[in-house]
Amino acid sequence: MPFLFDTERMSKYHFNDIEAKWQQYWAKNQTFKAENQSEKPKYYVLDMFPYPSGAGLHVGHPLGYIASDIYARYKRHKGFNVLHPQGYDSFGLPAEQYAIQTGQHPRKTTEENIVRYREQLDKIGFSFDWSREVRTSDPHYYKWTQWIFIQLFESWYDKTDDKAKPIVELERIFTSEGNSNVNAACDDDIETFSATDWNAFTSEEKQRILLKYRLTYLAETEVNWCPQLGTVLANDEIVNGVSERGGYPVIRKKMKQWSMRITAYAQRLLDGLNNIDWPQPLKDSQTNWIGRSKGASVSFNVKDSNATIEVFTTRPDTIFGVSFMTLAPEHELVNQITTKAQLAEVQAYVEATAKRSERERMADVKTISGVFTGAYAEHPFTGKPIPIWIGDYVLAGYGTGAVMAVPCGDQRDYDFAKHFNIPIPNIFEGIDISEEPFEDKAGTIIANSDFLNGLNYAEATQKAIEKLEEKGQGTGKINYRLRDAVFSRQRYWGEPFPVYYKNGLPQMIALEHLPLTLPEVEKYLPTEEGEPPLGRAEVWAWDTKNNKVVSNELVSPSAVEGSEDNGVYPLELNTMPGWAGSSCYMFRYMDPSNNKEFADVDALKYWGNVDLYIGGSEHATGHLLYTRFWTKFMHDRGYLPVDEPVKKLINQGMILGESAFVFESYHEELQIKPLYFSAEIFRKTSVESIAFQSEKKFYSDQGLSEEEIEAIKYRSVHADVSFVNLQNELNIEAFKNWRPEFKDAIFILENGKIYDINSPFEGGQGDVFKVSREVEKMSKSKYNVVNPDDICEQYGADTLRMYEMFLGPLEQAKPWSTAGITGVHSFLKKLWKLYHSPLEGGQGDVSEFFVSEDPANKDSLKTLHKTIKKVEEDIENFSFNTSVSTFMIAVNELTAQKCNSREVLEPLAILISPYAPHIAEELWQKLGHSESIATAPFPKFEAKHLVESSKEYPVSFNGKMRFKMELPLDLTPVQLEEAVMAYDKTQEQLQGRTPKKVIVVPGKIINIVG
RNA sequence: GCAGAAGUGGUGGAAUUGGUAGACACGCUGGACUUAAAAUCCAGUGGGCAGUAAUGCUCGUGCGGGUUCAAGUCCCGCCUUCUGUACCA
C-alpha cells in the first residue's frame, strides 16, 4: 500500500534520510562558501585543524567543532559574513612510523585517513567552507611554509626599534659603520668589527657573521635527542623527561640544527597577552614558559687565569653571601680552569653526567652531587677567593649555565653547601639559618655586607647593581627562560627546507622555484651513516643553473677537490617540525589557492585576525606560542596587517572515556598489571543483572540478609570497583582469539586467588574477576574509544550535536556516557511532533505536517521570547549546555499549550538551527521556504511579551522561605508589606509576635525578621 | 614545591548584581497502552522526622569560622580532587 507508506515517511522523524538530504543540499549549493568581499560585517570562526590519524575521529574530537559550528551558524543568522574553514595538519610522526613498518608511502596513508576523516566530519553536519581546505603536506600549501622560512632567514631583529627587519638593511649598516652600534637579537659570540673590517671580509666570512643575526639560523646546539625516534625534540615535545609520542628516553647531544630566534620576541609575546581574550590558565602557562625574571648579570674573575665567569642572579642584594660558585658540568670553562689535581675527578663527573638521560637527572632531584674544580674566583667587592665547583643541579640551558651560590638564601645552594661542608655566611639580620636558608625576599635587612648593610631587598638590589656597574663587573638584566626553538627534525614526513649548501654555507632557493617537494626514498629510516631519511634520496641535489632538483651524483666536487664548480649542490637533509605548517595556516585560509603570494592583501585586510578559535589547551606552549611568534614576525615584515593571530580563544575540555580492566599477573613474579577491556564487554549484559547477581551471591555468602543486600545495591552498582563474573559474560575461547597475547595469562580474582586462563574455572566463593573502571583519556590501547559514526547511525547527527553540548560546560573535562542520549533524542522527536498534527486517538505517532496561520496566543509568544532571550545570551556566553535545556523547556511548554502557530514555530526553527541544523532545515522547508535556513535572520527578542502584571513572591521568615504569595508588580514596598502582613499565613507563622523588621525587595523577595 | 581550576541529589549538571538551592536530563518507582517487547504517554523522586492524607517541621551546596535581614555565591583559615609546570639561580 504505497499511500500508507508515503504518509508514514512524511510524518515520522526519519533523521537518517533528513540528514543525508541536507548534507547533500549544502554541498551541492555551497551554502557555507564565504566570500572575500561582502557588505556584511566579517566574522572568522576557526577550529584547530586535526592531524588525520589512522584511528579516525572519536566522540571527543567533534566537541570543539560542534561548539564553533553553532557559533558560526549563529553569526550567519545574525547577518555576518562568516569564514569557517577546515583543513588537515597532515605531516606527522604516526604516518611515518606506519611507513617504516609497512613500507607504505606516508602520503598514501595520510590521504586515506583524510578521506575517512572527511566522511566522519560530513556526517555531523558542519558548516565548513570546504572550498578553502588546506593540507600542510600538500606542496601547494608547504610552498608557503618554505617561503616563510626564507623570510625568517632574510631577517634580523632590531632591538632598538623592537621589530624584525630585512637582513639587507643590516648588511648596509655593516658596510657603512660596522656592527658596534647595532642592537640586535643575535648569537652571543659576535666580535665587534668596523666598516673597514667588514668590507675586507670574504663573502664567506660575511655569510657566517650574518648567520648569527638571522631570525632562523644554523648553529651547533645542544638538543634533546631521542635515539628511539631518531630525531631531536623541542622542549614542548618532551613530557617528564621522555618523548611525548612513544614515551622514549631523551638525551642531550650537540648537533648542527636550524633554530628560530623566538627569544627576540620574548617580551612582545608577554606583552601581547594583555590584549587578547584568552583563558587565564593558558595565558599563565605562556607567561611561565617565557619565564621573565629580573636581576643582574655579574662577572667573576677567575684567579690565576684571564677567564671570567658570567652568572645571572635574581638576588644581587645577596652578593656578600656568596661562598662558592657552581658551573653546569657542560660549561665551556670547566676544562680551562680545572686544576691538575682535580682533573681526573672532574672528568669522571662530567662523563657520568653526560651519560645520564634527562629523565634520570630529573628523577633524583634529591641526590646532591658535584666536584670541586680546584679553581677560585674573585669576589667582585671583597676580592676574597671563592671556590668553583661543578654540579648537575645547575642547568647548562638556563641563564649562563653558572650560578653564584648564596647558601644562606637559596635552598639548593644551602643543601649543596651542607653536603660538601662549605661555609654558609649569614647576611640576614636576626635570621637563624642553622636549620634552613631564608628564601623570603622581603622581611629582613641585609647585614655583613659592607655598603649594603641596613638596606632592605629593594634598596640593596638597586645599590648592588649600581656598584657592579661602577666596577664594570655587572649590570641589571632581564632573563627569560624561553629558549630559541630548534627547527630541524631528522624525519621524512615533513616540509623540506628550501636550502642547499655551498661550501657548507646555507643558501635559499628563490620563491619562483618553490615548492621544493619531498624526494622519494626507498625506506623511511635514517641512513646507516646516521643521516636523516632524506639522506637516502638519490635525486636530492640542487642545480643552481637550471633551478631544479637533480641526482646527487651531479653534486659539485669543488668543495673537496677544488675542481670546477658545476653549480650543483647538496640539499638540506632535515625536515621542518610539526609546528611549521600550523603556525600561519589561519591566514592561508583567507586565500588558500593563491599561487602568486602567501595571500592577497585585501583578503588579509578584510578578514584580519581570527575572531574565535576553539581547541585544546595542550597546545598552550607549543602551537599557540609559535603561531603568535610567526604572526608578529610576518606583521613586522609587512606581510600581515595584524600582530596577533587570534582575538578570542576557548579551550574545550576533553571528553574522557570509561575504561575497564581486570588484573593480570605475570607468571614469574606475580606482579600485577591492569589488562584493559572494552567497557562494552561488561555492559552487554547490564551491570545490574550480571554484576549485581554475582555481587549478590558474594554478599549472601557473607551472611547478609536480602534487605541488607538491597540496601547495598545502589552503592555497589555505581561504585568504581564492581565485581563481574567474567565467566558468565566472556567466552574464554573467544577471548583468546581476540587477544592471543593473553592466551596464557593469569588473572587476579576478587578473593585474592589467581586464575590461570587455561585451567577450568571453578566458580567457587569469591571466584570472580576483579574489575576496575576508570575515567581517562580515550585511547585505542584502553578500548574506551567511542566512535561518533555509531551515534550518528543510531540517533542522528542532530542528537549527537545537542548531546555533546548538553553534557556540560564546554571548557570542562567530562566523561562520555551514552546514558543521557535518549533524553536529547526524544526531545528532537517532540520538536518534530510540534510541527505535526496529532494522530486521532494515537498517543505517540503524528500524522501530517501542520502549522496554523492563526496568531499565537499570549503564553506561546511568552515562551518563544523567553527562549530567544535566553538562547541568545547563552550562545554569546558559550554556555551551550544551558541553551539545550532552554529548548527542552520551550518545547515542553509549547506542547502543553498545543501551540501550532507559524508565528511561533517559524522563529523556533531558526533558533534551534545552529544546534540541530538538519531537522531545522527540514522543518523550514515544510514551512514553505525554498531557501536554506542558514541565513534566515535570527528572531528578534521583544520584551513586551514577557511583561507581567503580578509576581509570585517568595515570603521568607528569617531567611527561610515559607510560602509564596501572588502580588501585583506595581505595588510600592509599603503596599507590599501591608499586603503580606494582612495575609493569614503570615500571621500563622508569626503566632502573635510582632516582626522586628520586614525587608521588601520589589520584584524579588519579601523577608520577615522576627 | 609552584601556578591554575574545581568540590552541589544515585548520575551529568542548573542557579544575572548575595534574594525560592537542585532547572533540564539520565536513572529509579508506580501507572496507561500492548498478547508481549520496544516506542510513547501520565504521575512521583535530596535526606530525615511527624501525619490516613493534603501538609508541616527539620537538616542540607567539601570542612571550620565570619559578614548580612538573607550566603552555593562575599571574607578568613583548612581539606580533597583534577590540570599544567618543575633543580629557572
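In what follows, every chain begins at residue 1, and chains take the letters A, B, ... in the order their sequences are listed.
- Listed by residue number, the members of residues 882-892 of chain A with any heavy atom below 4.0 angstrom from RNA chain B are A:T882, A:S885, A:M888, A:I889, A:N892.
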Protein-nucleotides 53-59 of chain B N/O pairs under 3.5 Å:
unit_1, atom_1, unit_2, atom_2, d
B:C57, OP1, A:Q989, NE2, 3.4
B:U58, OP2, A:R962, NH1, 3.1
B:U58, OP2, A:R962, NH2, 2.9

Check nucleotides 66-72 of chain B for protein N or O atoms closer than 3.5 Å to its own N or O atoms and list the pairs.
unit_1, atom_1, unit_2, atom_2, d
B:C69, O2', A:N1007, ND2, 3.2
B:C69, O2, A:N1007, ND2, 2.8

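- Residues passing the ring pair (Phe, Tyr, Trp, His ring centres under 6.0 Å) test with A:F320, sequence neighbours excluded: A:H379, A:F381, A:F451.
- Across B:G4, B:U20, B:G13, the shortest atom-to-atom separation from the side chain of A:K814 is found for B:G13.
- Put simply, the side chain of A:K814 gets close to the backbone of A:P809: a donor and an acceptor are under 3.5 Å apart.
- For RNA chain B, each stem of at least three Watson-Crick or G-U pairs (distances under 3.5 Å) is given as range with range: B:1-7 with B:79-85, B:10-12 with B:24-26, B:27-32 with B:40-45, B:46-50 with B:55-59, B:62-66 with B:74-78.
- For A:Q812 and B:G13, the shortest distance from a side-chain N or O to OP1 or OP2 is below 4.0 Å.
- For A:S297, the side chain to side chain donor-acceptor pair (under 3.5 Å) test picks out A:E310, with sequence neighbours left out.
- Checked against salt bridge (charged side-chain N to carboxylate O under 4.0 Å, His left out), A:K418 has no partners two or more places apart in sequence or in another chain.
- When rounded to the nearest whole Å, the span between CG of A:L810 and P of B:G12 equals 19 Å.
- Regarding A:I478, its CD1 atom lies at a distance of 14 Å from the P atom of B:A89, rounded to whole Å.
- Minimum atom distance to the side chain of A:R412 is reached by B:C87, of the listed B:C87, B:C26, B:U20.
- Base orientation of B:G4: anti, the glycosidic angle falling outside 90° of 0.
- Between the NZ atom of A:K964 and the C1' atom of B:G19 there is a distance of 13 Å, given to the nearest Å.
- A:M961 has its CE atom 13 Å from the C1' atom of B:G22, to the nearest Å.
- For A:F806, the side-chain atoms get nearest to B:G12 when compared with the rest of B:A89, B:G27, B:G12.
- Among all heavy-atom pairs drawn from A:P1002 and A:L976, the shortest one is CA-CD1, 4.2 Å.
- A salt bridge (Lys or Arg N to Asp or Glu O under 4.0 Å) check over residues 394-413 of chain A, counting only residues at least two apart or in different chains, returns the pairs A:D410-A:R412.
- At B:C88, none of the side-chain N or O atoms of A:R292 fall inside 4.0 Å of OP1 or OP2 (strictly under the cut-off).
- Nucleotides B:C42 and B:C33, compared at atom P, are 16 Å apart to the nearest Å.
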Dump the pairs, protein N or O against N or O of nucleotides 43-47 of chain B, anything under 3.5 Å, distances to one decimal.
none

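- Residue A:N881 places its side chain closer to B:A14 than to any other of B:C41, B:A14, B:G4.
- Using modelled atom types and a 3.5 Å distance limit, the side chains of A:T263 and A:D484 yield a donor-acceptor pair.
- There is a side-chain donor-acceptor pair under 3.5 Å between A:S369 and A:Y349.
- The salt bridge (charged side-chain N to carboxylate O under 4.0 Å, His left out) search around A:K829 returns none, not counting sequence neighbours.
- For A:F880, there are no ring pair (Phe, Tyr, Trp, His ring centres under 6.0 Å) partners two or more places apart in sequence or in a different chain.
- Nucleotide B:A86 holds its P atom 20 Å from the CD atom of A:Q411, rounded to whole Å.
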Residue pair A:V884, A:Y803: steps toward the side-chain contact (heavy atoms from CB on, under 4.5 Å) verdict = CA-CA 8 Å; A:V884 176; A:Y803 183 58; over 6 Å; no
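- One atom, CG of A:L625, and another, C1' of B:G84, lie 15 Å apart when rounded to the nearest Å.
- Qualifying side chain to side chain donor-acceptor pair (under 3.5 Å) partners for A:S956, counting only residues two or more places apart in sequence or in other chains: none.
- Taking atom P in both B:G22 and B:A15, the straight-line distance is 13 Å, to the nearest Å.
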Before giving the answer on side-chain contact (heavy atoms from CB on, under 4.5 Å), spell out for A:I478 and A:K294 the whole-Å C-alpha distance, their side-chain angles and the decisive distance to 0.1 Å.
-> CA-CA 5 Å; A:I478 289 162; A:K294 218 178 143 184; 3.8 Å; yes
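- The closest donor-acceptor contact from the side chain of A:Q473 to the backbone of A:L468 lies at 3.5 Å or more, if one exists at all.
- A distance-only check finds no donor-acceptor pair linking the side chain of A:K862 to the backbone of A:E948 [under 3.5 Å].
- Of the listed nucleotides (B:G19, B:G13, B:U85), B:U85 has the atom at the smallest distance from the side chain of A:R481.
- Remark: A:I1005 CD1 to A:M961 CE distance equals 8.5 Å, nearest 0.5 Å.
- The side chain of A:V403 has B:A89 as its nearest neighbour among B:A89, B:G13, B:G27.
- Side chain of A:D392, nearest nucleotide from B:A3, B:C87, B:G13: B:C87.
- Nucleic acid contact class of A:N479 (heavy atoms, under 4.0 Å, all strands): none.
- For the pair A:Q794 CD and B:A39 P, the computed distance is 11 Å after rounding to whole Å.
- The aromatic ring centres of A:F324 and A:F416 sit less than 6.0 Å apart.
- A:K418 places its NZ atom 24 Å from the P atom of B:C87, with the value rounded to the nearest Å.
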